[in-house]
Novice: 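Sharing a structure here in structure tokens format.
Heads up: numbering here begins at 1 and tracks the sequence. All ligand and atom numbering here is 1-based and tracks the order in the structure. Note that the coordinates shown come from a computational prediction; the quantities given were computed from them, not determined experimentally.
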Amino acid sequence: MQTTSSTRTQVAIVGAGPAGLFLSHLLHRQGIESVILEHRSREEIEGTIRAGVLEQWVVDLMNDMGLGDRMMREGHFHSGITLRFDRQSHHIDMAELTGGKRVTVYAQHEVIRDLVSARLEDGGSILFGVSDVQFHDLDGKTPRVQFRRSPDGPVEELRCDFVAGCDGFHGPSRQAIPAATRTEYQIVYPFGWLGILTEAPPSHPELIYANHERGFALLSTRSPEVQRLYIQVDPKDDIANWSDDRIWSELHRRLEDESGWTLKEGPIFQKGIIAMRSFVCDPMQHGRLFIAGDAAHIVPPTGAKGLNLAVADVLVLSRAMTAYYKTGSSEGLDRYSATCLRRIWKAERFSWYMTTMLHRNEHESPFEQRVHLAELDYVVHSRAAMTALAENYVGLPME
Ligand code: RFL
Ligand code: PHB
């Protein structure tokens, strides 16, 4: 491609999701310059509804970075979750089982809003609406990223020391690791989630994960006025088949228990169906390209780990880059993929475990289905099993 202008930075970051934005903040704190190239608009990234649950250490990190004020005011702190099956409810007291750790429910798009505005305020460079991102010389010492600021604009070039591929599952950066050197591990689940946002008051003080013969359901929250709920559906189902009445009727049947608790309804103002997969790419680096977050791995949302894992990757990457710039040592960078993958595989295991235990899967044998129910029964009656679930849910230690 013929380029019209060429600029330089230390780290070119592709994607302004949680991975890219956290990385740019972490590097800035160490005096390392970066430019973020994002192909969607600021309004789009700040309006996309996704995750909700932050692990304790991510909350601590946001506070340490001076980015946590709104989260501490508007987030919801949950020290337990409820598991519901056979119309019985079982409280898992995560704080008591993990020495006081809890999770924070604060929507991913709110995190994005806070990170974007803070980064722009401190002079950071985020280019929104870029297209045609292409990587060059990833094997050399000065990689280049070419892009256009607008679809018909001229090609520009960003020269850098490192490229961070934080462009999500469908972005181009993973494909820039030669196919012959990477292994991809994957499971695609035969079910998906239908998620809604409703203008209703909270129905319950903590999240409810329900295993029901009609399929999984999850009750979560966003604010005193807005609730987030999910039901297991066929991933190929059309959202047009789901009237609001049908969704509420399914939620009531799957979530209600014998105690007389009832779900509070309200107008539904957003709904959609997502497919579920587990995916890991190994290695997560090639030359001077490092991929992070959903670009490198996907977990099904049942364990609430995706966003947290993205932040874990870029914390490892920022530390390795800091060591490189301060001491010249590339040891941390060389080990980046191996360091991240140890945590990633544990999160993959936990997310797969929660998913298989809580969903109904007609492709499984009756034997396997009974084993999942036995697992649930075991988890809620064994302190050891409950502790294992709780320590994974609140987040394994970072070191
Ligand atoms: P993202 O958020 O996908 O951001 C990638 C960014 O890259 C941009 N991009 C490009 N930019 C330039 N050029 C290109 N060619 C590009 N291609 C893509 C995209 O526009 C985008 O802005 O990846 P990142 O940063 O790795 O973050 C990952 C998280 O978003 C994801 O793991 C979580 O949302 C997963 N997840 C959850 N994670 C949790 O930790 N806790 C939860 O409770 C939780 N719940 C969920 C979830 C994901 C869900 N969905 C919709 C998949 C619930 C749901 C329903
Ligand atoms: C959410 O609030 O969106 C949410 C909560 C818990 C999960 C997944 C998503 O496991």
Novice: Against the six-membered ring of W242, is R246 placed for a cation-pi contact (under 6.0 Å from the centre, within 45° of the normal)?
Specialist: yes
Novice: Tell me every residue that passes side chain to side chain contact (heavy atoms under 4.5 Å, CB included) with H25, counting only those two or more places apart in sequence or in another chain.
Specialist: M65, L67, L115, A118, R119, D122
Novice: Could you list each nitrogen or oxygen of ligand 2 that sits under 3.5 Å from a protein nitrogen or oxygen, with the atom names and the distance?
Specialist:
from: ligand 2; atom 1: 2 (O); to: S220; atom 2: OG; distance (Å): 2.6
from: ligand 2; atom 1: 2 (O); to: R222; atom 2: NH1; distance (Å): 2.8
from: ligand 2; atom 1: 2 (O); to: R222; atom 2: NH2; distance (Å): 3.4
from: ligand 2; atom 1: 3 (O); to: R222; atom 2: NH2; distance (Å): 2.8
from: ligand 2; atom 1: 3 (O); to: Y230; atom 2: OH; distance (Å): 2.6
from: ligand 2; atom 1: 10 (O); to: Y209; atom 2: OH; distance (Å): 2.7
from: ligand 2; atom 1: 10 (O); to: P301; atom 2: O; distance (Å): 2.8
from: ligand 2; atom 1: 10 (O); to: T302; atom 2: O; distance (Å): 3.4

Novice: Under 3.5 Å, N/O to N/O: give me all the pairs between ligand 1 and the protein, one per line with atom names and distance.
Specialist:
from: ligand 1; atom 1: 2 (O); to: R50; atom 2: NH1; distance (Å): 3.0
from: ligand 1; atom 1: 3 (O); to: R50; atom 2: NH1; distance (Å): 3.0
from: ligand 1; atom 1: 11 (N); to: H39; atom 2: N; distance (Å): 3.2
from: ligand 1; atom 1: 20 (O); to: E38; atom 2: OE2; distance (Å): 2.6
from: ligand 1; atom 1: 20 (O); to: R40; atom 2: NE; distance (Å): 2.9
from: ligand 1; atom 1: 22 (O); to: E38; atom 2: OE1; distance (Å): 2.7
from: ligand 1; atom 1: 22 (O); to: E38; atom 2: OE2; distance (Å): 3.2
from: ligand 1; atom 1: 22 (O); to: R40; atom 2: NH2; distance (Å): 3.1
from: ligand 1; atom 1: 25 (O); to: P18; atom 2: N; distance (Å): 3.1
from: ligand 1; atom 1: 25 (O); to: A19; atom 2: N; distance (Å): 2.9
from: ligand 1; atom 1: 26 (O); to: D294; atom 2: N; distance (Å): 2.8
from: ligand 1; atom 1: 30 (O); to: R50; atom 2: NH1; distance (Å): 2.9
from: ligand 1; atom 1: 30 (O); to: Q108; atom 2: NE2; distance (Å): 2.7
from: ligand 1; atom 1: 32 (O); to: D294; atom 2: OD1; distance (Å): 2.7
from: ligand 1; atom 1: 32 (O); to: D294; atom 2: OD2; distance (Å): 3.3
from: ligand 1; atom 1: 32 (O); to: G306; atom 2: O; distance (Å): 3.4
from: ligand 1; atom 1: 32 (O); to: L307; atom 2: N; distance (Å): 3.4
from: ligand 1; atom 1: 34 (O); to: Q108; atom 2: OE1; distance (Å): 2.7
from: ligand 1; atom 1: 38 (N); to: G306; atom 2: N; distance (Å): 3.2
from: ligand 1; atom 1: 38 (N); to: L307; atom 2: N; distance (Å): 2.9
from: ligand 1; atom 1: 40 (O); to: A304; atom 2: O; distance (Å): 3.3
from: ligand 1; atom 1: 40 (O); to: G306; atom 2: N; distance (Å): 3.2
from: ligand 1; atom 1: 40 (O); to: L307; atom 2: N; distance (Å): 2.7
from: ligand 1; atom 1: 40 (O); to: N308; atom 2: N; distance (Å): 3.3
from: ligand 1; atom 1: 40 (O); to: N308; atom 2: ND2; distance (Å): 3.0
from: ligand 1; atom 1: 41 (N); to: V53; atom 2: O; distance (Å): 3.4
from: ligand 1; atom 1: 41 (N); to: A304; atom 2: O; distance (Å): 3.2
from: ligand 1; atom 1: 43 (O); to: G52; atom 2: N; distance (Å): 3.2
from: ligand 1; atom 1: 43 (O); to: V53; atom 2: N; distance (Å): 3.2

Novice: When you compare the side chains of S365 and E368, does any donor N or O come within less than 3.5 Å of an acceptor on the partner?
Specialist: yes
Novice: Using the ring pair (Phe, Tyr, Trp, His ring centres under 6.0 Å) rule, collect all pairs that involve residues 165-186, keeping only residues at least two apart or in two chains.
Specialist: F169-F279, Y185-W345
Novice: For H90 and H381, I'd like to know if the aromatic rings sit close, meaning centre-to-centre distance below 6.0 Å.
Specialist: yes
Novice: Quick one: does NZ or CZ of R84 land under 6.0 Å from the six-membered ring centre of W261, within 45 degrees of the ring axis?
Specialist: yes
Novice: So is R149 actually on top of F147's ring, under 6.0 Å and inside 45° of the axis?
Specialist: no
Novice: Report yes or no: is the cationic atom of K305 (NZ for Lys, CZ for Arg) closer than 6.0 Å to the six-membered ring centre of Y393, at no more than 45° off its axis?
Specialist: yes
Novice: Give a yes or no on whether the ring-centroid distance for Y324 and F162 is below 6.0 angstrom.
Specialist: yes
